[in-house]
4 protein chains.
Amino acid sequence: MANDTKDNILNAAKQLFAKRGYDGCNVDHIADKAKVNKATIYYHFKSKALLYETVLELNLRRFLKRLRKKVHEHDSPERKLEAFVSTYASNFADDQQMAPLMLRELASDGTHLTDKTRAVLSEIIAEVDVILEEGRASGLFIDAKSFIPYFMIVGSMNIFTSTKKLRKKFQNNDNDFGFAATIDETAQELSRIILNGLKK
Amino acid sequence: MANDTKDNILNAAKQLFAKRGYDGCNVDHIADKAKVNKATIYYHFKSKALLYETVLELNLRRFLKRLRKKVHEHDSPERKLEAFVSTYASNFADDQQMAPLMLRELASDGTHLTDKTRAVLSEIIAEVDVILEEGRASGLFIDAKSFIPYFMIVGSMNIFTSTKKLRKKFQNNDNDFGFAATIDETAQELSRIILNGLKK
Amino acid sequence: MANDTKDNILNAAKQLFAKRGYDGCNVDHIADKAKVNKATIYYHFKSKALLYETVLELNLRRFLKRLRKKVHEHDSPERKLEAFVSTYASNFADDQQMAPLMLRELASDGTHLTDKTRAVLSEIIAEVDVILEEGRASGLFIDAKSFIPYFMIVGSMNIFTSTKKLRKKFQNNDNDFGFAATIDETAQELSRIILNGLKK
Amino acid sequence: MANDTKDNILNAAKQLFAKRGYDGCNVDHIADKAKVNKATIYYHFKSKALLYETVLELNLRRFLKRLRKKVHEHDSPERKLEAFVSTYASNFADDQQMAPLMLRELASDGTHLTDKTRAVLSEIIAEVDVILEEGRASGLFIDAKSFIPYFMIVGSMNIFTSTKKLRKKFQNNDNDFGFAATIDETAQELSRIILNGLKK
DNA sequence: AATGAATGAGAATTCATTCAT
DNA sequence: CATGAATGAATTCTCATTCAT
């Protein structure tokens, strides 16, 4: 029961933090959504800030695990990078909260990130770094700072996922810039451009 | 004098909204930073929400104007795209607030965006769209949805600029993923990968 | 109006802090008693703690001023000491809050005392110290540490004033220990014992 | 084992009630200090209020017993009064909590005192009363209300013991009012002044 | 145009207490 | 006996906003 309670809180918190940001949502609301008493949240997590940190760390860790698993199913740097992007996409398709959560954190320059959570973030970037290094070593890829392709992927996928409603508002226009694309189409095209761009 | 006051408020607001987000900063704090009385803010802008909208619209409009001017100094799609990216970079180099401001807005799915401001945003994307269309028309570029290169640029440049402090925290590690790069270097490498990636 | 408001708050606070102690009374209650909105208290005093400190300092300062004035109307150490005690008494007769306020502060070892307020306290003791020094110098008084007569006066007068209701509960007994005495009678007898006790 | 737990709770409670007062300390904190679960406190004592009353009654009773024993070792009123004061002092020297505990109770006009506990208090005063009565009967002491010497002793000894830290803060001054005295010196001087003052 | 004062509605956090185990 | 979990009711403090001047 205790674990159920904790999970309910963590899920409710994740949704609201994603939707409204840390400052934009309140503990009452989280308690309502989790169907627990507000004080119960403070019993399990000591403060709103610690709850937020827990949500972030837990989800990033889970995300890293899934990315790794999928990436390591492949051998060539190209397939690995594709796997990274497509897993990124499929994860975001299932879990709509991750994208705004990460984006807000980046926008606030990691203010709420603990050392442990930053370490997880680092391991995610490292996945891309290793792939690029392999690509460079085998003469496939040009020499480029790892963070640039990483930011390209993270930036575009997170923005795409976060702006579901916003993108719809452009679809009345004569030009919707392709905004109606699915996340998988987007991931594929993104992969294609990046891989092509990195190729020697 | 009246305009001085208004500008002071707009500047203070921009800095604080950028740093802490709409919900994360309060009118008292803006008043303090602008060195005006809190009621003065309500005299010039009707509410916190309207102040925020004004900040956003004003700055996006200014940003669009600068991008346009620089892009239109060039002729070929390639040079134009490069100009778009490098102007993006130089603007962010001068104005550290724009990046987190935009990023937060995207993370919150444009909740605070007025129709007018969304229109400005649309015109910025349209700049890229036109360039890509030209490129496609002249057989230089592959056929790709415009928003993808756009999100790649916006995502990576905004994340890079927003995470100055965060990136520094990675620089003790043996691998800093190239995070120490300047914004201009970053823009150049980004241009190179995207142009290469779009090329037929 | 602003000063009226502040005074209302200070008075209400004084009464409640005296009656229930710092932790025993709440800001809502003070606001009710002062007939102001709770937020108004926070506007004028930044926190409950600062309100408390202000109450303490203001009242101790006023108390010191009155003691000094009366003491300095006399010449001999004996008359001065009597004046000190009787003024102490007459002040406490008018202002029932001062005694429990001071007593609680002493009980909590001056935890809430600011440097400035401690200085006022010091000046009150100094009044007694000077009197005793004069008495010793003119060969009237025995050599005794100043704080002891001071604590005797402060202790007995403050306890007497603070325990109005408690003392009444003893008055059904066959022996009420003299608890029914007035504050002036008490002060006189106290003076007599101390003066007699200090005499060479 | 059961008694161990109860004693741990009573000791922890005594220390915290003394340091912070009834309202200033919370059951969680007592539980932490006693190294028991919070619910255990409610198992042994029914409420915070009852725990407090138990602490008070137990300790006052113990205090009374010790005072009585020492006082009754002497015969003359003078020696008995001296014994009362010196036992007061030696008890407070061993048990730093008693003084603030009593002082707070007096400051709050006995609000938390049960009838039983008030009866114990009464018996303590009665000890002094009997001594003074004897002194008056044998023509040694002047006629004075018993509570006044009692309040002088209680007031000064309790204030002295409660203000260990506060007194230290005065010791940088050029005049420390004798605050550096030990409790035994203080008790001796107090005895001397009171006895001298009561003498016919 | 600008400001000090005031406030209603909320927000985070605490706390004494209960209860199932 | 003892405890982890849970909670209703406070409690301190904040905040966007208004208003008289």
Side-chain angles (χ1 to χ4, degrees), chain A residues 1-6 9 22-31 35-51, chain B residues 1-6 9 22-31 34-52, chain C residues 1-6 9 22-31 35-51, chain D residues 1-6 9 22-31 34-52:
Chain A
M1 190 117 298
N3 263 328
D4 266 15
T5 303
K6 260 184 134 168
I9 295 169
Y22 179 80
D23 295 299
C25 81
N26 55 298
V27 180
D28 282 83
H29 202 344
I30 297 173
K35 282 172 189 157
V36 300
N37 185 283
K38 191 172 26 163
T40 305
I41 294 182
Y42 284 88
Y43 175 77
H44 286 286
F45 306 89
K46 292 200 170 175
S47 68
K48 187 187 179 186
L50 279 171
L51 171 58
Chain B
M1 190 119 301
N3 263 327
D4 260 19
T5 303
K6 254 185 137 166
I9 296 169
Y22 180 80
D23 294 301
C25 81
N26 57 304
V27 181
D28 283 82
H29 201 344
I30 297 173
K35 283 173 189 159
V36 301
N37 184 280
K38 188 167 38 159
T40 305
I41 293 182
Y42 283 86
Y43 175 78
H44 286 286
F45 306 88
K46 287 197 171 178
S47 68
K48 187 189 179 185
L50 279 171
L51 171 58
Y52 180 79
Chain C
M1 190 117 296
N3 262 327
D4 267 15
T5 303
K6 261 185 133 167
I9 296 169
Y22 180 81
D23 295 300
C25 81
N26 56 299
V27 180
D28 283 81
H29 201 344
I30 297 173
K35 283 172 188 157
V36 300
N37 185 284
K38 191 177 19 169
T40 305
I41 293 182
Y42 285 89
Y43 175 76
H44 286 287
F45 306 88
K46 292 200 171 175
S47 68
K48 186 188 179 187
L50 279 172
L51 171 58
Chain D
M1 192 118 299
N3 263 328
D4 260 19
T5 303
K6 253 185 137 165
I9 295 169
Y22 180 79
D23 294 301
C25 81
N26 56 304
V27 182
D28 283 83
H29 201 343
I30 297 173
K35 283 171 188 159
V36 300
N37 185 280
K38 189 167 38 158
T40 306
I41 294 182
Y42 282 86
Y43 175 79
H44 286 285
F45 306 87
K46 286 198 172 178
S47 68
K48 187 189 178 185
L50 279 171
L51 170 59
Y52 180 78

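Quick caveat, the model's predicted, so the values are computed rather than measured. Protein chains get the first letters and strands the later ones, always in sequence-line order, with residue 1 at the start of each.
- Toward the 5′ end of DNA chain E lies the nearest nucleotide of C/Lys35, the other residue of the pair C/Lys35 and A/Tyr22 mapping further downstream.
- Proximity of B/Asn37 to the phosphate of E/dG4: a side-chain N or O atom is located under 4.0 Å from OP1 or OP2.
- Comparing C/Ala49 and A/Val36 by the nucleotide of DNA chain F that holds the closest heavy atom to each, the one mapping nearer the 5' end is A/Val36.
- Residue B/Tyr43 has no polar side-chain atom (N or O) positioned under 4.0 Å from OP1 or OP2 of E/dA2.
- Atom pair A/Ile30:CD1 and E/dG10:C1' shows a separation of 15 Å (rounding to whole Å applied).
- Between C/His44 and the phosphate of E/dA6, there is a side-chain N or O to OP1/OP2 separation shorter than 4.0 Å.
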Applying side-chain contact (heavy atoms from CB on, under 4.5 Å), run through B/Leu51 and B/Ile30 and close with a yes or a no. CA-CA 11 Å; B/Leu51 171 58; B/Ile30 297 173; 4.2 Å; yes
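- Taking atom CZ of residue A/Phe45 and atom P of nucleotide E/dT14, one finds them 16 Å apart after rounding to whole Å.
- Atom pair C/Ile41:CD1 and E/dT7:P shows a separation of 10 Å (rounding to whole Å applied).
- Rounding to the nearest 0.5 Å places OG1 of C/Thr5 at 11.5 Å from CG of C/Asn37.
- Across F/dA6, E/dT7, F/dT17, the shortest atom-to-atom separation from the side chain of B/Ser47 is found for F/dT17.
- Note: D/Thr40 OG1 to D/Lys6 NZ = 13.0 Å, rounded to the nearest 0.5 Å.
- Note that NZ of C/Lys38 and CD1 of C/Ile9 are 13.5 Å apart. Values are rounded to the nearest 0.5 Å.
- Note: CG (A/Asn3) to C1' (F/dA6) measures 15 Å, nearest angstrom.
- Counting to the nearest Å, the P atom of F/dT18 and the NZ atom of B/Lys48 are 15 Å from each other.
- Going from atom CG of C/Asp28 over to atom P of E/dA9 covers 14 Å, rounded to whole Å.
- Between the OH atom of D/Tyr42 and the C1' atom of E/dA16 there is a distance of 4 Å, rounded to whole Å.
- The nucleotide whose nearest atom lies closest to any side-chain atom of A/Lys38 is, among F/dC19, F/dC13, F/dA10, F/dA10.
- Nearest nucleotide to the C/Thr5 side chain, out of E/dA6, E/dT17, F/dT7: E/dA6.
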How would DNA chain E look in dot-bracket form, 5' to 3', counting Watson-Crick and G-U wobble pairs with both distances under 3.5 Å and writing | for bases paired to another strand? .||||||||||||||||||||
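- Each of F/dC15, E/dA16, F/dA16 was ranked by its minimum atom distance to the side chain of D/Val27; first place goes to E/dA16.
- Contact between the side-chain N/O atoms of B/Thr40 and the OP1/OP2 oxygens of E/dT3 is found at a separation under 4.0 Å.
- Taking CD1 from B/Ile41 and CG from B/Asp28, the interatomic distance works out to 8.5 Å, rounded to the nearest 0.5 Å.
- Residue A/Asn26 places at least one side-chain N or O under 4.0 Å from the OP1 or OP2 atom of E/dA11.
- In this entry the distance linking CG of B/Leu50 with P of F/dT18 reads 11 Å, nearest Å.
- Without hydrogens or angle criteria, D/Lys48 side chain to D/Tyr22 main chain gives a donor-acceptor distance under 3.5 Å.
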